[in-house]
Amino acid sequence: MDHPRAPWSTVDITVCHQALRKEEAAIGTATVTQPAVELEGITKRFPGVVANRDITMSVAKGHIHAIVGENGAGKSTLMKILYGMQRPDEGDIRIDGKPVSFHTPSDAIAAGIGMVHQHFMLADNLTVLENVILGSEPTKGGVAIDFGSARAKIKEISDAYGLGVEPDTLVEDLGVGARQRVEILKVLYRGARILILDEPTAVLVPQEVDELFDNLRGLVREGLTILFISHKLDEVLKVADAITVIRRGTTVASVEPKSVTARQLAELMVGSELPSPETRESTVTEVVAIAVSGLTVLSADGRKLIDDVSFEIHKGEVLGIAGVEGNGQAELVEAIMGMRPSTGTVRVGLERRAESEEEGTSASEDRDHAGRPASATMSMHDISAWPTLRRREHGIGYIPEDRHRHGLLLEAPLWENRILGHQTQKPNVKGIWIDRKGARADTQRIVFTYDVRTPGIEVAADALSGGNQQKLIVGREMSGDPAVLIASHPTRGVDVGAQAAIWDHLRDARAKGLAVLLISADLDELIGLSDSLKVILRGRIVADVDPANVTPEQLGSAMTGAGEAQ
Amino acid sequence: MNTFLNRLMGRVKLGGLLAVAAPILAIVFAMLITSVVLIAAGKPALDTFGWLIDNGSQPRSIVNIVNLGTTYYLAAVAVAIGFRMNLFNIGVDGQYRLAALISAAVGGAAVLPGVLNIVLVVVVAVAVGGLWAAIAGFLKVRRGVSEVISTIMLNAIATAFGSWLLIEHFGTVNGNAIATTPIPDNAHVPAAAIVPGTQLGINTFVIVAIVVGIAYAVVLSRTRFGFNLRATGRSEPAAVASGVSVKKMVLITMILSGGAAGLIGMPELLGSSFTYNTNFPAGLGFTGIAVALLGRNNAVGMAIGALLFSFLDTSSDILQLHDISPEIVKIMQGAIVLSVIIAYELAHRYRLVAEQRRVSRELLEGAAA
């Protein structure tokens with residue numbers, strides 16, 4: 001308790017700068033009320049590099065309070081603590097001045113805290129009404145669900161806060177922005193007065209972001225308090241009433257949006273110069289490494305998830321695919337990797353090196369190996385019918401979107417994870433046998449080269465932080481000099497240093513002739529790393545964009561199909 | 001609860017000892033439960049355990065324990081092959097019974113002489129078990145039918161189909177029993193009377209069981225196939241992304257599991273009954289599930305589990321003399337399996353959190369240095 005709250009605060013100005021700022025912030029809405037949320041000395045020791053350490057902050061009632069920090073700075077952990085999903089090892093939480101201790105999210109909900117997750121948790125085949133009441137159904141006479149009163153209540157909330165949610169639409173018919181409003185309504189329905197929004201804009205395009213911000217302003221006008229987690233500074237400056245900056249797990253500053261520039265905020269966040277994904281000198285060659293044409297993927301019910309997609313990537317080229325998540329990126333990647341049935345053709349330029357020849361398992365293109373020096377002549381091979389394994393054997397690396405589901409065996413040690421996806425390749429195997437020594441030695445190499453922070457290669461992948469898991473995956477997929485790399489969100493959830501390192505590795509490999517298909521939600525990353533960009537919308541490529549002269553805003557509007565990008 | 005565990009875990013250092021301590025504690029706990037039942041029934045608990053150990057350590061019992069344990073072990077391995085891939089082959093029971101029946105009929109026909117006949121019987125048993133299991137594998141791969149459901153149904157079908165084969169084709173009626181033609185003397189697996197103090201011999205099929213156990217361990221942990229199998233068991237999406245053809249793995253694993261199941265009836269068929277009849281032991285597939293759970297699908301662990309179960313089953317006979325129902329050991333077996341699973345789960349969580357703590361601590365120290 002370092003900051004005074006009552007009369008003598010005027011005398012204390014010089015002593016306590018930060019506290020004063022908070023006081024000022026509070027004056028705007030309510031003069032004598034308690035802060036809605038106070039956190040003091042929150043510490044959470046946690047596997048991996050970033051833990052929450054001595055976090056202290058105060059959120060005034062009726063404010064949109066932004067918490068900013070780089071990926072991996074500890075924002076999400078902090079919010080999980082506040083929402084009762086994790087318990088702090090040390091520190092106090094006070095809601096409206098009352099100390100609380102949450103064991104589960106239900107405790108937090110009972111205290112009036114609601115959380116809108118980054119990834120929506122809605123059942124597509126239910127209506128808005130059903131989704132909202134799911135888990136807290138009002139009953140009539142003890143048994144039957146009282147839809148009538150629920151509908152009335154939803155209407156009332158929706159009107160009061162201007163959310164414009166229709167209770168009887170099916171969720172699957174709603175767009176991303178509307179789904180988010182349903183999520184917000186869901187927590188309001190449960191009586192939340194303090195809303196936590198975890199990276200709410202990550203899945204939205206700029207236009208939808210503006211709508212969201214209007215909604216948020218409406219909510220605070222009605223007296224609600226919003227905790228807004230983000231690492232997008234321009235958005236934060238636009239909407240927040242107060243900003244707390246988190247770096248390496250601890251609060252480094254509390255500032256007012258009016259008194260800082262985006263530049264200053266960025267410096268506070270990173271603590272040093274921002275890494276940049278820029279890569280300008282072109283290494284693109286004439287040689288096509290992978291050519292996709294007419295690729296179409298159908299859903300189980302016959303909808304086109306990917307509709308006639310065609311592109312070529314040359315050696316030394318990074319092709320970025322921009323699009324709002326869920327527009328077919330995942331399906332595109334899985335089709336190219338042979339994990340999902342598709343029509344159309346995928347061809348790769350085969351110029352296989354000596355190592356894979358020794359395999360003998362899949363040396364069906366023997367005639368290509370006639371002369372090793374003739375590497376300049378590559379012939380295209382249709383791999384559309386190949387299974388995933390064979391594609392990987394022939395030099396297609398794959399950084400999956402969801403590393404926990406597709407990239408790792410969480411309970412297996414790191415060296416076994418090194419083998420995953422490369423179980424027919426050296427140095428992991430000798431014939432039918434696993435080469436434990438070879439795999440271990442190569443894992444050691446990856447840990448060293450890619451700076452995977454781990455005490456050893458025998459620990460389970462589960463014990464590493466997300467960023468370090470990702471570095472291991474990137475290192476693995478870059479092993480054995482792949483010809484093509486399919487990279488889905490290669491730096492998602494990775495801390496700043498690791499992000500810069502991964503970008504460096506991608507750039508180096510690209511300079512040596514790697515062809516990269518880059519899928520990312522981070523528009524700066526896309527624009528910075530890509531040699532060419534395509535925009536995907538509802539499974540179709542709708543625009544070609546030159547990354548050299550496009551702004552994230554232009555790209556964003558192309559992603560919604562709002563405007564024609566050049 | 002979480003903080004309690006956390007506090008506890010922060011201080012407890014976990015080594016490989018935990019893997020041994022957990023099942024031992026679980027067995028002690030199961031004995032406590034059994035004692036409660038015994039006392040409730042008005043029987044002396046401590047004495048009961050004493051009688052069991054006394055009887056179980058007789059030379060004669062030791063031979064029986066090893067012989068029964070061999071059968072249990074083969075059953076456990078058959079189940080464990082599927083378990084390692086998250087494939088629940090509940091149909092081991094039907095697979096081994098059908099395999100034993102058909103191979104008994106083939107052996108009885110004596111188309112090959114002596115040792116060759118033994119080999120033929122075993123090969124037929126493995127093939128029948130594998131084929132019967134393949135039906136469930138095929139249904140899962142092609143139609144997405146859960147192997148749990150299909151193998152349970154196939155057990156029932158195997159029972160009916162087996163009765164029909166026995167009555168209509170392979171069996172001859174002898175009094176009120178019906179049995180296949182006995183396998184000729186020259187094709188019997190010999191018993192080795194190596195335990196002093198008894199003339200009973202250990203069924204040399206135990207060697208096959210040991211070889212199967214070693215092969216199981218080596219294939220799983222040292223080969224590409226084993227890696228793919230374990231990877232699929234740990235995370236199917238990750239296995240798919242890594243290029244494993246899960247459908248192929250399901251089919252192969254199911255066939256391997258069924259093939260191993262085919263061996264279960266062999267010690268009995270080739271070592272003591274020499275014929276398949278209506279008294280042929282049934283239900284071994286379910287014992288195998290319990291033993292596989294008990295041994296955590298580990299080759300050595302399952303051997304210990306199999307011996308523990310066969311010890312309980314073998315020495316329980318003595319309890320009748322003391323007017324205690326021998327079924328008390330069934331209660332104990334059930335309690336052991338349940339408490340071992342819980343103990344392993346707790347140990348697993350302890351270890352995971354401990355490891356995460358160790359990693360972050362070492363990294364913090366590393367950062368400070």
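Heavy-atom basis, side chains included; hydrogens, waters and symmetry copies ignored. Labels below follow one simple rule: chain letters A, B, ... track the order of the sequence lines, proteins then strands, and each chain is numbered from 1.
- The contact between A/R405 and chain B is made by backbone and side chain atoms together, counting heavy-atom distances below 4.5 Å.
- Applying the 6.0 Å contact sphere to CZ of B/F29 captures no more than 12 heavy atoms from other residues, nucleotides or ligands.
- Atom-to-atom distance recorded for B/R224:CZ and A/Q425:CD is 10.0 Å, nearest 0.5 angstrom.
- Inspection of non-hydrogen atoms places no residue of residues 126-148 of chain B under 4.5 Å from chain A.
- Only the backbone of A/L408 comes within less than 4.5 Å of a heavy atom in chain B; its side chain stays farther off.
- For B/F227 against A/E416, the heavy-atom pair with the smallest separation is CZ-O, 3.3 Å.
- Under the salt bridge (charged side-chain N to carboxylate O under 4.0 Å, His left out) criterion, the residue pairs touching residues 333-342 of chain A are A/E334-A/R340, with sequence neighbours excluded.
- Every residue meeting the side-chain contact (heavy atoms from CB on, under 4.5 Å) condition with A/M478, not counting sequence neighbours, appears here in chain and number order: A/Y450, A/V474, A/L485, A/H505, A/L506, A/A509, A/L514.
- Near-neighbour residues of residues 236-248 of chain B relative to chain A, defined by a heavy atom under 4.5 Å from a heavy atom of that chain, comprise B/P237, B/A238, B/V240, B/A241, B/S242, B/G243, B/V244.
- Separating the CG atom in A/L409 from the OG1 atom in B/T232 is a distance of 9.0 Å, to the nearest 0.5 Å.
- Rounded to the nearest 0.5 angstrom, B/N228 CG and A/T424 OG1 are separated by 9.0 Å.
- Note that CG of A/L420 and CZ of B/R234 are 10.5 Å apart. Values are rounded to the nearest 0.5 Å.
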